[in-house]
Colleague: 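If you scroll down you'll find the structure; I have some questions about it.
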Amino acid sequence: QHFRSESTCGVPGVWCALGVSLCVPAMAGNESVASRTSYLTNAIEGLLGHAKAREVASDQRLVDETLRVGCKMVTHESQAKGHDKPFRWMFMRRISWSDVASTEVALNASVGEQEFAAAQMSDGIWHTVIRDFRCEVGYPAPVVTCYFDSAFELVTSAVREKFDLLDCEDDPRLIETALQDEDFRTLLKDFFDTGDTRNPRSFKTLATLPLGGQTLLHVCCEGSLYQCVVCLLEKYSVLTAEAPWLQLADPFWKDSKWENTAFTIAAYKGDSRMLRILLDWAGQHKQLHSVKQMKDKKGKDLPDIIDERISRSKERAQKNNDWLRTFNVVAELFDRPKKHVPVLSQEEAGGTVMESKVILSQPRREGATGENQAISLPGGELTVQALAEFFGSPEVRASLNSGVSVLLLKVKLLDGESADLDDEAAMDLLGLLTMCSRISFKDCTASPQLSTCLVRAATATARANPTTHWSSLGIVPRWTDIPLPPSPVLDDFATALTDALSVFVEKSCRSDFCRFDLPTGCKAYLPAESQHLLGLCSLAFVMTSLTFSLASSGFRAEGLNSKLQANFKSHNPLLSGPAYLERVFLHNIQLRNHASVADGLYPNWKSYVQRIIEIWLKQLLALSDWLPNLVPKSSGSEASRLKQMVDGAVLHFLKMRPRRNRPGIDVVPPVLLALSDADIQTLLPKTHKYLQQISGARAQPNHPLQGQPPPQQKQQQQQQQ
């Protein structure tokens with residue numbers, strides 16, 4: 001077999017020396033298949049190949065050294081199937097060529113240091129080892145997996161962060177804003193350079209990068225994000241992007257499992273509008289012949305796919321008008337006769353179009369189920385003042401009794417005549433709903449100013465009326481416009497959210513309040529220095545919501561109880577607090593430019609650590625006030641278990657600290673600040689014991705904490721301040 005003597009990815013001579021070719025045989029048509037994506041995503045894989053790179057990562061000496069001197073963080077595979085994965089330790093160490101060259105696999109490969117440097121690895125690469133918690137002293141904890149940091153991991157992490165809002169919002173500005181970030185564009189360029197830069201069928205771009213099995217375009221097609229799809233096709237498709245590394249969409253790309261394309265996704269869904277958008281793009285770029293040749297995994301073309309859906313919809317007595325319209329979109333292209341689409345009444349259509357409404361759910365009483373009352377809101381566009389008048393009407397107000405849940409569905413909230421009038425109307429609205437248990441705005445939108453106004457009104461109402469019956473709030477609508485930072489609008493929302501968090505944490509300490517929900521993608525609503533508020537809002541009420549779940553009967557409670565009994569340390573739900581540092585605060589894009597994990601963290605992580613521990617301690621001290629509200633017949637075991645959870649979470653925060661033989665994260669100062677006023681010997685015995693050990697270790701020379709006061713002295717200093 002002939003191999004090229006020059007590199008296809010900018011590394012002269014290396015591929016020829018290894019006998020590796022990145023050239024992929026051309027395939028018929030314009031279709032691209034996921035399986036053709038190269039595994040070569042970092043320099044070690046580029047030199048040794050994917051399989052041997054995995055062998056190097058698992059080399060025992062390399063693993064032992066990373067476990068000994070690597071920075072360790074709590075990690076959790078939160079997206080795992082079943083969400084039953086335990087919390088584990090992640091050890092990270094930046095290794096050099098000498099580390100790799102010492103392994104048996106690398107020695108047998110006969111790759112020289114000069115070639116390694118040519119692969120742009122002279123500054124090293126991150127080696128990661130995932131290990132279980134040690135459950136018994138004297139027994140080593142098993143290693144779960146080992147790997148090298150790769151361009152694939154960096155890109156997928158960055159893409160999820162940049163396009164988080166696309167899960168719920170059809171706004172092409174999200175795509176444009178992401179590509180205005182120079183770091184993100186550079187990352188896409190670097191990712192592109194790791195692969196074949198000459199053969200378009202093997203380019204490494206977002207157009208062929210599966211995120212959970214789907215590309216960015218597939219996600220938009222599944223979510224019926226029409227404007228985003230138009231943006232991707234017009235500016236960032238494989239035929240329209242200004243540079244190859246900016247290719248974000250390939251309508252002909254097939255996933256490896258079902259061989260679905262963007263076209264077949266629209267056909268399966270019966271989304272005639274989406275299919276028309278895709279066909280218009282294909283026609284504009286003279287690709288309709290490829291559409292006609294396209295087959296799914298069963299060998300069916302687009303009309304056959306839609307025909308099958310129509311047949312199944314008849315068998316299941318479903319209305320098939322959507323598929324009939326979709327069939328007619330492709331009928332002419334495939335020389336098929338169009339189908340008749342009957343006109344259905346609104347009742348026959350079965351309410352397929354979600355209308356704006358308010359749903360009032362009465363609480364379940366003993367011996368009877370709760371009743372739901374749906375009230376339509378014609379037009380779906382209301383000012384807050386009009387909404388307050390709606391809830392203030394006699395017929396609606398009569399239903400707002402104690403414990404009722406209010407769901408506001410698909411409403412566009414409009415700004416009033418002035419900000420002062422909106423503030424007053426928001427206070428009136430929340431004042432009318434004080435007897436409700438749950439208030440939630442689902443698929444609702446509002447301006448940033450009006451959203452901030454609602455948060456301030458909820459805070460003021462809870463502060464003025466501590467006896468409100470609220471147990472769950474989701475009163476932040478999605479924003480109709482997201483200003484770019486820096487912006488006073490973002491600052492105002494951060495201030496309002498900070499104030500709300502303080503008030504509702506206090507409320508959780510004396511009532512059954514257990515949730516404060518924010519919309520998906522709320523990260524874009526906050527300035528950089530206030531990003532930690534997202535973690536606080538999601539984790540501040542874990543203890544109360546967890547208590548409610550464990551006290552209730554059901555599959556989820558039984559599963560969690562059994563896992564806690566089997567391995568309390570690894571399944572402690574409050575470990576989501578320490579794991580949040582690795583999952584959210586660790587900036588993967590920046591990490592590749594740093595030799596220290598601590599340097600790769602977002603700067604506000606210390607504020608998060610201190611505040612979340614302060615919140616947990618406040619709730620722990622008030623257990624006697626709020627626990628009876630959630631568990632009326634408490635046996636005392638619930639309180640003991642909650643203390644163990646907080647103790648374990650704080651302890652694992654501390655275990656991420658730097659030590660004499662390993663770098664770490666300087667978690668001790670924020671933890672000590674949070675514990676300064678607490679009787680930790682009683683509340684957190686394991687944490688207290690660990691801090692005593694740290695205090696004893698300070699006397700040893702060259703200890704990372706030498707020169708800092710011991711915990712007891714630190715507490716005294718804080719109290720004096």
Side-chain angles (χ1 to χ4, degrees), residues 151-194 197 203-209 211 215-220 223 225-250 281 445 447-449 451 478-494 519-531 533-534 584-594 600-604:
F152 178 82
E153 296 294 337
L154 287 172
V155 173
T156 52
S157 176
V159 170
R160 288 192 182 99
E161 177 183 339
K162 292 294 182 184
F163 300 121
D164 187 24
L165 266 175
L166 288 180
D167 288 340
C168 60
E169 193 163 345
D170 186 12
D171 188 352
R173 292 174 301 175
L174 298 172
I175 299 171
E176 301 287 1
T177 301
L179 293 175
Q180 290 174 6
D181 186 338
E182 286 301 323
D183 286 340
F184 186 60
R185 290 174 69 97
T186 301
L187 182 65
L188 295 181
K189 176 65 166 63
D190 292 345
F191 181 60
F192 174 78
D193 288 340
T194 63
T197 61
F203 283 172
K204 284 190 176 180
T205 66
L206 290 194
T208 57
L209 179 67
L211 303 170
T215 63
L216 182 61
L217 179 61
H218 283 199
V219 171
C220 292
L225 306 181
Y226 304 108
Q227 297 181 59
C228 290
V229 170
V230 170
C231 175
L232 289 171
L233 295 179
E234 289 182 351
K235 298 181 179 181
Y236 305 107
S237 76
V238 290
L239 299 178
T240 57
E242 64 182 58
W245 55 87
L246 293 178
Q247 294 178 6
L248 308 184
D250 180 359
W281 173 87
T445 59
S447 67
Q449 294 81 359
S451 182
R478 296 202 320 267
W479 289 9
T480 54
D481 181 53
I482 304 175
L484 295 176
S487 169
V489 174
L490 303 182
D491 296 335
D492 289 345
F493 182 71
T520 303
C522 193
K523 183 176 182 179
Y525 304 173
L526 292 167
E529 62 274 10
S530 301
Q531 294 289 320
L533 292 174
L534 294 176
V584 176
F585 279 97
L586 188 60
H587 196 325
N588 289 313
I589 299 178
Q590 293 295 330
L591 185 61
R592 61 178 181 159
N593 300 321
H594 295 287
L601 292 171
Y602 285 103
N604 51 358

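Hydrogens, waters and symmetry mates are skipped; everything else that's a heavy atom, side chains included, is used.
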Colleague: Atom OG1 of Thr208 and atom CG of Leu217: how far apart are they, to the nearest 0.5 Å?
Modeller: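 The CG atom of Leu217 is 12.0 Å from OG1 of Thr208, to the nearest 0.5 Å.
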Colleague: How many angstroms lie between OG in Ser447 and CG in Asp481, if you round to the nearest 0.5 Å?
Modeller: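 These two atoms lie 9.0 Å from each other.
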Colleague: Once you round to the nearest 0.5 Å, how far does SG of Cys231 lie from CG of Leu174?
Modeller: 10.0 Å
Colleague: Once salt bridge (charged side-chain N to carboxylate O under 4.0 Å, His left out) is applied, do any residues pair with Asp491, and if so which ones, sequence neighbours excluded?
Modeller: none
Colleague: Side chains of Leu490 and Pro483: closer than 4.5 Å at any heavy-atom pair?
Modeller: yes
Colleague: Check ring pair (Phe, Tyr, Trp, His ring centres under 6.0 Å) between Tyr236 and all other residues, then give those that pass, not counting sequence neighbours.
Modeller: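 Result, ring pair (Phe, Tyr, Trp, His ring centres under 6.0 Å) vs Tyr236: none returned.
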Colleague: Can you find a heavy atom in the side chain of Val229 that is under 4.5 Å from one in the side chain of Trp281?
Modeller: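 Contact flag for Val229/Trp281 side chains = no.
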Colleague: Measuring only between side-chain heavy atoms, which start at C-beta, is Thr215 closer than 4.5 Å to Leu206?
Modeller: no
Colleague: May I ask you to decide if the ring planes of Trp479 and Tyr525 are parallel, tilted or perpendicular, using 30° and 60° as cut-offs?
Modeller: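 Aromatic pair Trp479/Tyr525 classed parallel.
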Colleague: Check whether any side-chain heavy atom of Ser487 lies under 4.5 Å from a side-chain heavy atom of Phe493, and answer yes or no.
Modeller: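 No, every pair of side-chain atoms sits at 4.5 Å or beyond.
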Colleague: Where the side chain of Gln449 meets the backbone of Val489, is there a donor-acceptor pair that is under 3.5 Å apart?
Modeller: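 No; judged by distance alone, with no hydrogens or angles, the pair does not exist.
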Colleague: When you compare the side chain of Thr240 with that of Glu234, does any pair of heavy atoms fall below 4.5 Å?
Modeller: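 Side-chain contact under 4.5 Å: no.
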Colleague: Does the side chain of Gln247 reach to within under 4.5 Å of the side chain of Phe203, using non-hydrogen atoms?
Modeller: yes
Colleague: When you compare the side chain of Cys522 with that of Leu534, does any pair of heavy atoms fall below 4.5 Å?
Modeller: yes
Colleague: Can you measure from CG (Asp250) to NE2 (His218) and round to the nearest 0.5 angstrom?
Modeller: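 Output value for this atom pair is 8.0 Å.
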Colleague: Taking all atoms of both residues into account, what is the closest heavy-atom pair of Trp245 and Thr205, and its distance?
Modeller: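 Minimum heavy-atom contact is CA-CG2, 4.2 Å.
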Colleague: Give, for atom CG of Leu248 and atom SG of Cys228, the distance between the pair rounded to the nearest 0.5 Å.
Modeller: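 Going from the CG atom of Leu248 to the SG atom of Cys228 covers 11.5 Å.
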Colleague: Go through the structure and list residues passing salt bridge (charged side-chain N to carboxylate O under 4.0 Å, His left out) with Glu182, not counting sequence neighbours.
Modeller: none
Colleague: Does any non-hydrogen side-chain atom of Leu179 lie less than 4.5 Å from one of Leu246?
Modeller: yes
Colleague: Between Glu529 (side chain) and Asn604 (backbone), is there a donor-acceptor pair under 3.5 Å?
Modeller: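 No, because the side chain of Glu529 does not come within donor-acceptor range (under 3.5 Å) of the backbone of Asn604.
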